[in-house]
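Quick notes on the structure that follows.
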Amino acid sequence: MDTPVDITTITSTHWQPAIGKPGAVVLDAQDVDQCIRIILSTPKGSDPLRPLFGFDGWQYLDWPVDQARPHLVREIASALAWEPRITVTKVAVEAVDGGDFSHLNAAVTWQFAQDVQGASFISSVTLGRRI
């Protein structure tokens, strides 16, 4: 177990508890990366208080990759509208041959919305698997 963080020492505006790491927090870009993973691992309609929250691309995961790719890119871009702190600049979906577990991976390139000429970040998310 990690040593718990004293929340009075956090100076960042963007932070939240780290998933799967009791007592740890994620800050700034790591916070947004975790939010992207949460959005893309939540099936649309599964949050009763926010029925439009989440990713509706699951229906395309069994399609041939070349046919599924444009639909997945659209669904990812649409789902990430739930993260108003970012501007998505690119979404790439690729097949990954994992032997017994082949899957699709999405690489989302994004920037903080308020930082027009700032750094770009890439969040890599395995589609079809919970975080």
Within a strict 4.5 Å, meaning less than it, do heavy atoms of the I122 and V108 side chains meet?
-> no
Between the side chains of N105 and S124, is a donor N or O closer than 3.5 angstrom to an acceptor N or O?
-> yes
Please report the shortest heavy-atom distance between Q34 and A18, naming the atom on each side.
-> OE1-CA, 3.6 Å
Y60 and side chain to side chain contact (heavy atoms under 4.5 Å, CB included): which partner among R69, Q67, R74?
-> R74
Check whether any side-chain N or O of Q111 sits under 3.5 Å from a backbone N or O of G118 as a donor-acceptor pair, and report yes or no.
-> yes
When you look at T109 and V88, which way does the side-chain contact (heavy atoms from CB on, under 4.5 Å) test go after all the steps?
-> CA-CA 6 Å; T109 305; V88 176; over 6 Å; no
Atom of P17, atom of V26 and distance for their closest heavy-atom approach = O-CG2, 4.4 Å
List the atom of I38, the atom of T42, and the distance in Å for their closest heavy-atom pair.
-> O-OG1, 2.6 Å
Any chance you could measure I10, atom CD1, to T13, atom OG1, to the nearest 0.5 Å?
-> 11.5 Å
Looking only at non-hydrogen atoms, find the nearest pair between F121 and A29 and report the distance.
-> CE2-CB, 3.6 Å
Got a second to check how far D33's CG is from E83's CD, nearest 0.5 Å?
-> 10.5 Å
Roughly how far, to the nearest 0.5 Å, is the SG atom of C35 from the CG atom of L80?
-> 10.5 Å
According to the interplanar angle, ranging from 0 to 90°, do the rings of F53 and W82 count as parallel (below 30°), tilted (30 to 60°) or perpendicular (above 60°)?
-> perpendicular
Is there side-chain contact between L104 and T126, with at least one heavy-atom pair below 4.5 Å?
-> no
Heavy atoms of G54 and A79 approach each other most closely as O-CB, 3.2 Å
If you measure from CG on D31 to CD1 on I36, what distance do you get to the nearest 0.5 Å?
-> 10.0 Å
Rounded to the nearest 0.5 Å, how far apart are CG of L72 and CH2 of W63?
-> 9.0 Å
To the nearest 0.5 Å, what is the distance between CG (D56) and NE2 (H71)?
-> 12.5 Å
Same cluster or not: are L61 and I39 linked, directly or through other Ile, Leu, Val, Met, Phe, Trp or Tyr residues, by side-chain heavy atoms under 4.5 angstrom apart?
-> yes
Test item: L27 and H14 side chains (from C-beta on) under 4.5 Å apart, heavy atoms | no
Looking only at heavy atoms, what is the nearest atom pair of L52 and K44, with distance?
-> O-CE, 3.6 Å
Derivation of the side-chain contact (heavy atoms from CB on, under 4.5 Å) call for W15 and D28 | CA-CA 6 Å; W15 69 276; D28 301 319; over 6 Å; no
Do S123 and W110 meet the criterion of a side-chain donor-acceptor pair at a distance under 3.5 Å?
-> yes
Same apolar cluster: V96 and W58, side chain cutoff 4.5 Å = no
